[in-house]
Structure formats: C-alpha cells, structure tokens
There are 2 protein chains.
Amino acid sequence: MSTKNKILDAAEYLFADKGFNGTSLREITSQAEVNLAAVNYHFGSKKELIKAVMSRYMNELSPRLESSLQVLCDSEQPLTLVEVFSAFIEPLLSLNEYKENGTSNFLQLLGRGYTDSQGFLRWFLTTQYPNVISNFVAAVQKAYPELTPEEMFWRLHFTMGTVVFTMSSSDALIDIAENDFNKKIDIAGVIRQVIPYVAAGVAAPISLP
Amino acid sequence: MSTKNKILDAAEYLFADKGFNGTSLREITSQAEVNLAAVNYHFGSKKELIKAVMSRYMNELSPRLESSLQVLCDSEQPLTLVEVFSAFIEPLLSLNEYKENGTSNFLQLLGRGYTDSQGFLRWFLTTQYPNVISNFVAAVQKAYPELTPEEMFWRLHFTMGTVVFTMSSSDALIDIAENDFNKKIDIAGVIRQVIPYVAAGVAAPISLP
DNA sequence: CGTTATTTTAAACGCCTGTTTAAACTGAGT
DNA sequence: ACTCAGTTTAAACAGGCGTTTAAAATAACG
C-alpha cells in the first residue's frame, strides 16, 4: 500500500469521525504510520488532502449516480418520488464494496463538509460535480411537476439536510437504537427508514401563501 | 453590560457562525472587548462557557415549549402533526424578542452542538432538559398513534436533523435563495417552508418490512 | 556501478490554543 | 482612610497546530 493511500485511508476515517477541523495532520500520519511531512509532500496542504479524500469518493460515485438517474429520466412511464430517492440507494451502497464502511464514511464526510470549514466543501462539490445535482433536480421535477422552483429548492435542501445530518451522527444514533430496541441495525436499515420520510417530505402538499 | 454578558453575547455570535471548535477564546474576548482571562475567571473553562451559552437559551425556551406542548396534550380533540410542529414555532420565534437573531442563533448553535465536540451537547441537552423531548414524543404519539416506537425514534431524529441542519446553514441557504428567486427571505420564512415538510415526513405511510 | 530522481525522515519554524499566575485596580463596608 | 472581597489586567506557560527545511534513504535508469 502506497504512502499516499495510507494517508487517504487514515484521513478519511478520522475526518468522518471527528471532522476536518477536529483532526490534526499528526493524528492522521501517526494512524497511517507515515511521516508527518508526507502529507505536505504528497498533497501540498491539509485543504488539498480534504479535497483528495472527497474526490476519491465522488469520482467513484458520480458516474454511477448519473447513470442511475439517467435511466429514470429517460423512462417513458411516470415516476414516483420513492423511485427517485431509491435510485440513490444502489450507487450509495455500492461504496461499501468499493471500500469497507464506504457508504457511511462518505455520508459522514458530506455532513462534516457542510458544517465544518464554512462551506468550502459545498462550493467544491457544486462546482466540481454539478451534474449530480442537476440530474437529481430533473428527476424530482418529473415525479412532482407541480412544485415551484422555490419550493423545490427548499425541499431538496431539507432532504440533503436530513440525509447528511442523520448519517453524520449515524454511529451514535445506531448505538442508541440498538440499545432501545434490542436488534442489530446497520446503515442500510437507516436508509430504508429515511427514504419514505424524505419522499413524503418532498411530496408534501403545497402550502398556500 | 456586565463582563459576563459581554462574553456570552460574543461567544454566542461566534459559536453560531464558526462552530465551537472553530472559535477561539481570543476571538471571543476581543470581540467582547474584555480581557482574555475573563472567560476562565467567570466560567472556568471553554467547555463551561459553551454550556452557559446554551443554558441561557434553554432556560428561556424550555418552559415556553413545555407549556405550549402541554396545551396540545391536554386538549380533548384530535391532533394533527402540523399542529404539533406549529406548537414549536411560537416559542422558537419568541427568542427573537428575547434577543436579536435569537431564533436563528439558537438553532445554529444546536446544529453545531450535534456535529462539533462529538456529541457532548446532545448528552447535555437530553440530561438537563429531558421534558422537552418527552413532551414532544407524547404530542406526536397523540397525533399519529400508529407509529411504532422505533419508527417514531427514527422520524423524530430525521426531523431534528432536518431542522437543525437547515438552520445551521441557513445563512448560506438564504443568500442563495434570495439571489435565485429575487425576494427577501427571513428565518421565519424558512420555518414556514420546513413545517409541512417535516410534518409530511413524520406522517409518511409505514413501510412494510 | 554510478548517477540522477524520488521519497522518507527528523528537526525545527512561527503561530495559535486554553489555561494559570500574580500583580494591579475597583468599590463598598467599617 | 483603611481594609478586604471582587474583578480586571498583562504576561507567561506548556502544548498543539500546519508547514518548511535540509539531510538521509531508497528507487530508477543508463
């Protein structure tokens, strides 16, 4: 395993767990068992390392997501919102084959990126991977054409918030839930729960002004 | 204005904007125009200052929220979920009379507390203010008794996530939305949008196993 | 083998962090 | 006016941070 990948793996794990601000390069390099200076040698800076960690996932996810949504948009028959959101599951869960805990790590990172570092990650994702968002908007619009652009805007961000926030605290939540209900729960189980929730939220009746 | 309050005000503003980890005591004391050592003198430590900032809001909010929800629970007539969530609005918006930008500051702080500092704020709130949560659960149960405890658990956390996450990035979102749709948007407007969303989410049909 | 490139290493850099210290100041109460 | 508790102050503390340096080790190639 190359030094570069050792760093990426350790950084991914620690960033997901403790946030970008909350993780130091010394923690990363000591967990990766490489020299401290290796980060700056291979990536240039901590900020570039963060981008690299996210890019590794996005480059894996974004084409799968695009094609999954493309199928939906191209289909002739009408679409339900549950179908649209379900189109996200398979690509997201496929991250687990690509890497252990891939799905939950990625979603946790996404959550961190929204709140840590004053939104620079949001900028990074929307400018570097704009197709993911626009495809998704198109699919939702097909499933629920009555939504005005403004309502769509808010509901998509609410959805983003629900998923990302849930996942960024999913470890703690799963712990509590497993204790309360005496059953094993995994990330796929949480996703199964969240889909009807967000689908119903987006499909909520339009409130009159 | 006392030194203690000057510190609390500055800390609240900065914590909401940049997170707990992202704000240093030096930033706080220089914005408050007090000596650096004043924080440790009056509050003991940074962690205690965080608690104090949150407690100031919770002590204002929690009794209002409790009585608002109590009215709902005591009422004889059936309850809708929109009513339950609406019962949150008035107490939350009343924070704006108590303090400028009170509502949005408080909700942003709540969002920070979930992701920063590895969930110690969640522990603090659930142990110090348990009635707020249990009253809310009771009200939702009355409005939608078919929900199993497990589904209830997840949907309430999804809702918490939606609201808290939205509010913690509300400044950025409002900026984008005002630009896209050419109209002034305030925090109350966002709340008006989010209520039908979360109400529909919680009320989503129960998914069969 | 000898000579480049590339990578790894230990050490240091300057800066920032939360916290502590001890001295200076402030405003009653006697 | 003097005392004494409460408060504010400047200075320092030890430790962590991201980054840089220059030397050492390793790999690649003619």
Side-chain angles (χ1 to χ4, degrees), chain A residues 1-56 108-109 112-113 115-124, chain B residues 1-56 108-109 112-121 123-124:
Chain A
M1 169 108 71
S2 70
T3 301
K4 219 167 167 171
N5 279 324
K6 281 198 270 185
I7 293 174
L8 283 173
D9 285 346
E12 170 185 324
Y13 174 82
L14 290 167
F15 283 156
D17 192 36
K18 314 164 41 149
F20 301 115
N21 293 335
T23 305
S24 72
L25 295 185
R26 281 167 179 82
E27 290 178 270
I28 294 170
T29 52
S30 93
Q31 162 139 350
E33 294 178 304
V34 303
N35 188 274
L36 166 62
V39 170
N40 289 280
Y41 175 76
H42 286 284
F43 298 94
S45 68
K46 184 178 180 180
K47 209 161 193 168
E48 289 298 319
L49 172 61
I50 296 175
K51 285 192 198 171
V53 169
M54 293 309 293
S55 293
R56 197 164 58 149
Q108 285 182 250
L109 289 170
R112 298 296 186 181
T115 47
D116 280 17
S117 59
Q118 287 176 297
F120 113 87
L121 196 61
R122 191 202 320 244
W123 164 86
F124 175 68
Chain B
M1 169 108 72
S2 71
T3 299
K4 219 166 167 171
N5 278 325
K6 281 197 272 186
I7 293 174
L8 283 172
D9 285 346
E12 171 186 323
Y13 174 82
L14 290 167
F15 283 156
D17 193 36
K18 313 163 43 147
F20 300 115
N21 294 335
T23 305
S24 72
L25 295 186
R26 281 168 178 81
E27 290 179 270
I28 293 170
T29 52
S30 91
Q31 162 140 349
E33 295 179 303
V34 303
N35 187 274
L36 166 62
V39 170
N40 289 281
Y41 175 76
H42 285 286
F43 298 95
S45 69
K46 185 180 181 180
K47 208 161 195 167
E48 290 299 318
L49 172 62
I50 296 175
K51 285 191 198 171
V53 169
M54 293 309 292
S55 291
R56 197 164 60 148
Q108 284 183 252
L109 289 170
R112 298 297 185 178
Y114 255 70
T115 46
D116 280 16
S117 60
Q118 284 175 303
F120 113 87
L121 196 61
W123 164 87
F124 175 68

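Order of the sequence lines sets the chain letters (A, B, ...), proteins ahead of strands, with each chain counted from 1. Here the structure is a predicted model, which is why all the values come from computation and not from measurement.
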Can you give one letter per nucleotide of nucleotides 14-28 of chain D, going 5' to 3': B for a protein heavy atom under 4.0 Å from the base, S for sugar-phosphate only, - for none?
---BBBB--------
B:F43, CZ atom: more than 12 neighbouring heavy atoms under 6.0 Å:
yes
If I take atom CD in residue B:E48 and atom C1' in nucleotide C:dT19, what distance separates them, rounded to the nearest angstrom?
14 Å
Hey, is A:R56 close enough to A:D9 for a salt bridge, meaning N to O under 4.0 Å?
yes
Looking only at side-chain N and O atoms, does A:T3 come under 4.0 Å of OP1 or OP2 in C:dT8?
yes
Let me have DNA chain C in dot-bracket notation, would you? Count Watson-Crick plus G-U wobble pairs, both distances under 3.5 Å, and use [ ] for pairs crossing earlier ones and | for inter-strand partners.
|.||||.|||||||||||||||||||||||
Could you state the atom-to-atom distance from CE of A:M1 to P of C:dT7 in whole Å?
17 Å
Separation of B:F43 atom CZ from C:dT20 atom P, in whole Å?
16 Å
Expected output: side-chain B:K46 to main-chain B:V39 donor-acceptor under 3.5 Å
no
Indicate yes or no: at least one non-hydrogen side-chain atom of A:E27 is less than 4.5 angstrom from one of A:K18.
yes
Do any side-chain nitrogens or oxygens of A:H42 fall under 4.0 Å of OP1 or OP2 in C:dT8?
yes
Side-chain contact test, heavy atoms from C-beta onward, threshold under 4.5 Å: evaluate it for B:D17 versus B:T23 and give yes or no.
no
Do the side chains of A:L25 and A:N40 get nearer than 4.5 Å, heavy atoms only?
yes
Do A:I28 and A:V34 come within less than 4.5 Å of each other through their side chains, counting heavy atoms only?
no
Using side-chain heavy atoms (C-beta onward) and a distance below 4.5 Å, is A:Y41 in contact with A:T3?
no
